[in-house]
Peer 1: 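A single structure is presented below for examination.
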Amino acid sequence: MQFDSWQAFIQMGGYGIYVWSSFAGTFLCFGLLALESIWRRKKLAKEASKQAARAQRILRARAAKKNRI
Amino acid sequence: MLTANKGSTFKVFKQLVKRDIRVASRQRSDLLNPLIFLIIVVTLFPLGVGPGPDILGRIAPGVIWVSALLSSMLGLERLFRDDFRDGALEQMLLLPVAVEISVLAKILVHWLLTALPVLIITPLLALLMNLPLQAWGTLWLTLFLGTPVLSAAGAIGVALTVSLNKGGALLSLLLLPLLIPLLIFATAAVEAAVAGVSPAGPLALIGAFMVLCITLAPFAVKAGLRVSVN
Amino acid sequence: MWRWLHPYAKPEATFALTQKLIPWFALPGIILVLVSLVWGLAFAPPDYQQGESYRIIFVHVPSAMWAMGFYVGMAIMGVIALVWQIRTAELAILAIAPVGAVLTFISLFTGAIWGQPMWGTWWVWDARLTAQLILLFLYLGVMALYVAFEDERAGAKAASILAIVGVINIPIIHYSVYWWNTLHQKSTVTRAITRLEAPSIAPEMLWPLLVSILAMLLVSIVLVLMRLNNEILRREIHRPWALAELGITLDSSAKAHNDAEKKNVEKKGGADAV
């Protein structure tokens with residue numbers, strides 16, 4: 001351990017703001033990339049479920065038509 | 001295959017060059033406008049940074065080369081655009097000679113039509129920018145060796161973007177980063193000449209870059225055209 | 001020799017493989033990230049010249065390295081896409097490019113932050129910074145070209161060609177920028193940078209650096225695989241297996257209808273291709 005206290009760890013010998021902001025920026029970038037992927041997957045699932053619902057609706061309507069005739 | 005009908009390959013090459021020159025001579029403004037643009041941009045710099053001869057002489061190599069790069073971007077599109085629109089490009093891909101040969105013909109004609117005028121007015125640009133006299137020859141040599149790179153590398157970019165409606169801005173985005181080495185070597189050569197040092201090193205590097213581009217670009221252009229023409 | 005590659009032309013096969021691979025990269029990746037964070041931030045000794053500020057190296061160097069590495073990976077995918085016409089390789093380009101661009105951005109961003117306390121300025125035209133900036137432009141060019149085409153496969157092929165041309169040019173750009181930088185070393189700032197450069201790095205710093213390099217590689221690979229999976233699902237959204245992956249179960253009649261629809265789409269696609 002190179003630091004005596006939490007205080008010193010946060011301050012990083014006066015360079016705290018630079019060190020922490022660069023690490024935070026990196027994590028933010030990676031986090032955004034990961035979130036974007038997850039969000040994209042959810043959107044795809046929504047799209048697919050819409051499409052499936054549509055397919056089922058069409059079939060049901062067709063069946064109903066046949067029954068009426 | 002190339003050796004079997006060497007004579008006819010060369011004949012086709014000559015025919016293509018002749019045809020392209022004839023087509024281009026019908027629309028001279030297309031060729032003139034980038035040239036005028038180049039002169040205007042170079043004129044703007046003294047107006048922007050002030051007319052002091054020392055400062056102008058110092059930034060002259062960079063200014064002239066950056067302006068040459070930008071103006072070449074303007075005229076590049078016509079390398080394949082018209083041929084793409086009227087279908088001549090498809091015909092070219094179907095010719096019984098290697099596509100690389102026809103591409104080389106295109107690049108050669110483009111160089112003749114756009115770079116030669118620039119080479120002719122280079123002394124004027126050097127004069128405008130107050131470039132020291134001992135560097136004029138080197139500036140001309142860098143342009144002479146560097147403009148084939150512009151035409152060859154430019155052909156790759158145009159081949160990739162020719163089928164897009166708004167390829168112009170995209171073309172510069174793709175090409176300018178790739179041309180940075182050329183800019184660096186060229187300005188380094190001229191600066192060396194200004195400083196009285198031998199510019200042979202950077203000139204040789206530009207030459208190498210030119211040979212690399214001319215030999216490899218036709219293959220990339222061919223692949224790009226195959227993507228665009230479909 | 002390349003036979004093993006062929007099954008992965010089938011998107012399902014690639015999807016199954018990446019789905020299996022993700023945890024194998026993600027778990028060690030997260031562990032290594034934690035290890036490198038604790039080691040690099042708390043246990044590595046301070047630099048004798050730069051003090052604690054050098055700890056930025058543990059994000060800066062890995063991102064700069066892999067920004068370059070991922071560009072090469074993207075170009076390799078371009079070669080595969082052009083030579084073997086494998087669709088998944090085309091999608092891989094689309095998956096790698098944004099991650100690579102973000103890595104390049106991180107290296108520039110952290111470089112700027114590091115420059116402020118060390119050189120007294122956010123940006124200097126240092127050779128590495130400049131080369132990295134050009135790399136970012138190259139990434140942006142590939143992405144812009146990919147999406148500029150209406151026909152996605154044409155866009156993918158164009159982007160592959162551009163990536164390959166770029167990868168041939170990268171060493172030339174790199175050396176030219178270094179050379180340009182040594183030519184123009186007039187400012188005191190640049191001279192200060194060259195003086196600050198330590199010729200070798202102490203092993204107590206090297207080991208955490210190596211761990212952080214590996215950690216960033218694994219995490220970036222996971223991000224690429226996640227994007228690749230999304231792209232595959234997007235491209236295959238009409239197929240039953242993709243629907244099943246997205247958690248949708250069709251009853252048999254709807255499935256039949258969907259298949260018929262898919263056939264229609266394929267016919268239309270075929271007509272477009274002609």
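First the proteins, then the strands, lettered A, B, ... as listed; each starts at 1.
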Peer 1: G25(A), S37(A), C29(A): which one forms the most heavy-atom pairs within less than 4.5 Å of chain C?
Peer 2: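 Most heavy-atom pairs under 4.5 Å with chain C: S37(A).
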Peer 1: Run the numbers on N229(C) and R41(A) for side chain to side chain contact (heavy atoms under 4.5 Å, CB included), then give the verdict.
Peer 2: CA-CA 9 Å; N229(C) 274 352; R41(A) 172 70 68 97; 3.6 Å; yes
Peer 1: Heavy-atom distance under 4.5 Å between the side chains of S220(C) and F30(A), does that happen here?
Peer 2: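 Sidechains of F30(A) and S220(C): in contact.
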Peer 1: Report yes if the side chains of I113(C) and I17(A) come closer than 4.5 Å at any heavy-atom pair, otherwise no.
Peer 2: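 Not touching, per the 4.5 Å side-chain cut-off.
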Peer 1: Quick one: closest heavy-atom pair of F109(C) and S21(A), and the distance?
Peer 2: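 In this case the closest contact between F109(C) and S21(A) is CE2-O, 4.0 Å.
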Peer 1: Between R40(A) and N230(C), is any side-chain donor less than 3.5 angstrom from a side-chain acceptor?
Peer 2: no
Peer 1: In Å, rounded to the nearest 0.5 Å, how long is the span from OG1 of T26(A) to CD1 of I106(C)?
Peer 2: 5.0 Å
Peer 1: Please determine whether salt bridge (Lys or Arg N to Asp or Glu O under 4.0 Å) holds for the pair E47(A) and R234(C), giving the CA-CA distance in whole Å, both sets of side-chain angles, and the decisive distance to 0.1 Å.
Peer 2: CA-CA 10 Å; E47(A) 228 169 84; R234(C) 179 178 61 82; over 6 Å; no
Peer 1: With chain A, which of V38(C), L37(C), V222(C), L103(C) has the greatest number of heavy-atom pairs at distances under 4.5 Å?
Peer 2: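 It is L37(C).
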Peer 1: What pair of heavy atoms forms the shortest contact from A34(A) to M226(C), and how long is it?
Peer 2: O-CE, 3.9 Å
Peer 1: Would you indicate whether W24(C), at its atom CH2, is surrounded by more than 12 heavy atoms from other residues, nucleotides or ligands within a distance under 6.0 Å?
Peer 2: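 Atom CH2 in W24(C) is not packed in, count stays at 12 or less.
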Peer 1: Let me know if L41(C) has heavy atoms under 4.5 Å from chain A in its side chain, its backbone, both or neither.
Peer 2: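 Both parts, heavy atoms under 4.5 Å.
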Peer 1: So, do Y15(A) and I56(C) sit near enough that their side-chain heavy atoms are less than 4.5 Å apart?
Peer 2: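 Y15(A) does not reach I56(C) side chain to side chain.
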Peer 1: Using non-hydrogen atoms and a 4.5 Å limit, figure out which bit of V33(C) sits close to chain A: side chain, backbone, both or neither.
Peer 2: side chain
Peer 1: More than 12 heavy atoms of other residues, nucleotides or ligands under 6.0 Å from CH2 of W39(A): yes or no?
Peer 2: no
Peer 1: Verify the neighbour count for atom CH2 of W207(C): are there more than 12 heavy atoms of other residues, nucleotides or ligands below 6.0 Å?
Peer 2: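 No, because the 6.0 Å sphere around CH2 of W207(C) holds 12 heavy atoms or fewer from other groups.
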Peer 1: Does any non-hydrogen side-chain atom of W114(C) lie less than 4.5 Å from one of S22(A)?
Peer 2: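 Contact flag for S22(A)/W114(C) side chains = no.
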Peer 1: Would you call R227(C) and L33(A) a side-chain contact if the rule is heavy atoms closer than 4.5 Å?
Peer 2: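 Counting from C-beta outward, R227(C) and L33(A) do come under 4.5 Å.
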Peer 1: Just verifying a value: how many Å separate R55(C) CZ and W20(A) CH2, rounded to the nearest 0.5 Å?
Peer 2: 9.5 Å
